[in-house]
Amino acid sequence: MAGPSGVDLPSEVVDGAPVRLVAVTHGVPSAANRAAVTRLVDQVVESASGREVTISFVDASTADVAAAVADAADASSVIVPLTLSAGYHVRTGLSFGLERIGAADRLAAELGPDDRIVGILADRLVEAGLDQGDQVLLAAAGSNDPRAVRECFETARRLGHHLGRAVTVGFIAAAIPRLPDAIEMIREVHPGTRIVVAAYLLAPGAFYDAVLAAGADAVAAPLIDAERPVPQGLVDVVLDRYESVVSDRLRFA
């Protein structure tokens with residue numbers, strides 16, 4: 001069964017049951033954020049060639065994230081975290097928790113870094129009116145996990161390679177440089193130059209509102225935006241993360 005990205009979707013079952021994709025998002029989403037993520041999952045359903053796909057919104061106040069996800073995912077499910085980098089909630093809340101209940105092999109990798117996402121970021125910048133002389137700043141959510149921070153810098157490196165220009169990184173929370181500081185630094189080094197921000201965020205919400213308020217000259221839309229179709233490249237990334245786990249489980253079954 002061929003998936004949209006050209007990779008065969010495994011048609012086998014694991015332990016006698018079809019493998020369900022459970023997309024998990026963690027936080028306190030706004031109505032706009034929840035609607036955007038639901039649009040992504042709806043598109044995944046359309047592209048998943050008949051596979052069962054569900055979504056679980058795990059509240060950030062939940063003390064035991066793994067237990068909350070376990071309630072939504074049975075033993076044959078693959079859990080795909082809808083997060084761009086693997087910070088605390090994935091590597092600690094989900095990964096350690098699922099290992100505790102014997103389900104660590106069902107957790108897919110985070111969505112980024114990925115060149116398909118970089119392509120979407122570049123498209124969003126063009127839509128925002130990026131000009132040749134503009135300075136580009138990647139705005140990322142931020143994390144206390146240094147690995148997640150490195151993943152954001154890697155995405156900026158890839159975006160810079162794609163655009164043929166340098167890309168600076170600014171974080172909304174938990175990591176440095178903070179977004180307003182990064183904007184101020186660019187203004188000091190390149191006075192009078194326009195700053196255009198690539199929002200390295202899955203969907204609108206509180207973090208995107210913070211990007212809009214940070215003082216850049218232009219801000220690109222997040223990866224999922226109410227005014228645009230869900231990018232197929234993003235859908236393909238979700239399915240590829242799922243397929244990778246299913247293939248591994250079938251290999252060792």
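- The pair D123-R228 does not meet the salt-bridge criterion, since no charged nitrogen lies less than 4.0 angstrom from a carboxylate oxygen.
- With salt bridges taken as basic N to acidic carboxylate O contacts below 4.0 Å, one links E154 and R158.
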* Kindly indicate, with the supporting measurements, whether the criterion side chain to side chain contact (heavy atoms under 4.5 Å, CB included) is fulfilled by V78 and V80. => CA-CA 6 Å; V78 169; V80 181; 4.3 Å; yes

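- Using a 4.5 Å cut-off between side-chain heavy atoms of Ile, Leu, Val, Met, Phe, Trp and Tyr, with links allowed through other members, V149 and L179 fall into different hydrophobic clusters.
- Residues V219 and V196 do not share a hydrophobic cluster, defined by chaining ILVMFWY side chains whose heavy atoms lie under 4.5 Å apart.
- Between Y242 and V44, the closest side-chain pair of non-hydrogen atoms is not below 4.5 Å.
- Counting all heavy atoms, side chain and backbone alike, P204 lies closest to A36 at CD-CB, 4.0 Å.
- Between the side chain of D131 and the backbone N or O of G133 there is no donor-acceptor pair closer than 3.5 Å.
- Here the side chain of R124 pairs a donor or acceptor atom with the backbone of P222 at under 3.5 angstrom.
- Q135 CD to R165 CZ: the interatomic distance, rounded to the nearest 0.5 Å, is 8.0 Å.
- Side-chain atoms of S143 come within 3.5 Å of backbone atoms of D145 as a donor-acceptor pair (strictly under, hydrogens ignored).
- Between E151 and P113, the shortest heavy-atom distance links the atoms O-CG, 3.6 Å.
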* To do: Take L202 and T83 through the side chain to side chain contact (heavy atoms under 4.5 Å, CB included) test and state the conclusion after the steps.
  => CA-CA 7 Å; L202 192 63; T83 181; over 6 Å; no

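- Smallest separation of non-hydrogen atoms from L163 and A122: CD2-CB, 4.0 Å.
- Using modelled atom types, no side-chain atom of R116 and backbone atom of L234 make a donor-acceptor pair closer than 3.5 Å.
- Between L201 and I172 the shortest side-chain heavy-atom distance falls below 4.5 Å.
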* Mind running side chain to side chain contact (heavy atoms under 4.5 Å, CB included) on I176 and D181 for me, showing each step along the way? => CA-CA 9 Å; I176 55 174; D181 295 335; over 6 Å; no

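- With hydrophobic clusters built from ILVMFWY side chains whose heavy atoms lie under 4.5 angstrom apart, L84 shares a cluster with L125.
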* Could you give me the CA-CA distance, side-chain angles and deciding distance for M185 and T168, then say whether side chain to side chain contact (heavy atoms under 4.5 Å, CB included) is met? => CA-CA 10 Å; M185 177 189 68; T168 305; 3.8 Å; yes

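- Taking a cutoff of 4.0 Å between a charged side-chain nitrogen and a carboxylate oxygen, D217 and R187 qualify as a salt bridge.
- Considering every non-hydrogen atom in both A216 and I183, the closest pair reads N-CD1, 3.8 Å.
- Atom NE2 in H162 sits 9.5 Å away from atom CG in L121 (nearest 0.5 Å).
- Closest of all the heavy-atom pairs between Y200 and G112 is OH-CA, 3.9 Å.
- Rounded to the nearest 0.5 angstrom, R194 CZ and L130 CG are separated by 7.5 Å.
- Under the 6.0 Å cut-off for aromatic ring centres, F153 and F171 qualify, their centroids lying closer than that.
- Here the CD atom belonging to E184 is positioned 11.0 Å from the CD1 atom belonging to I186, to the nearest 0.5 angstrom.
- Under the 4.5 Å side-chain heavy-atom criterion for ILVMFWY residues, a single connected hydrophobic cluster contains both V237 and I224.
- In this structure, the side chain of D134 does not engage the main chain of I195 through any donor-acceptor pair within 3.5 Å.
- Between Y208 and D225, the closest side-chain pair of non-hydrogen atoms is not below 4.5 Å.
- Using a 4.5 Å heavy-atom threshold, the side chains of L239 and L21 count as touching.
- Of the residues V41, V230, D240, the one that meets the side chain to side chain contact (heavy atoms under 4.5 Å, CB included) test with V235 is V230.
- Residues V238 and L111 form a side-chain contact, since some pair of their non-hydrogen atoms from C-beta on lies under 4.5 Å apart.
- A chain of hydrophobic side-chain contacts below 4.5 Å, direct or via other Ile, Leu, Val, Met, Phe, Trp or Tyr residues, connects V167 to L223.
- One finds the CG atom of L138 at 13.0 Å from the CZ atom of R157 (value rounded to the nearest 0.5 Å).
- Between S30 and G205, the closest heavy-atom pair is OG-CA, 3.9 Å.
- Remark: D236 CG to Q43 CD distance equals 9.5 Å, nearest 0.5 Å.
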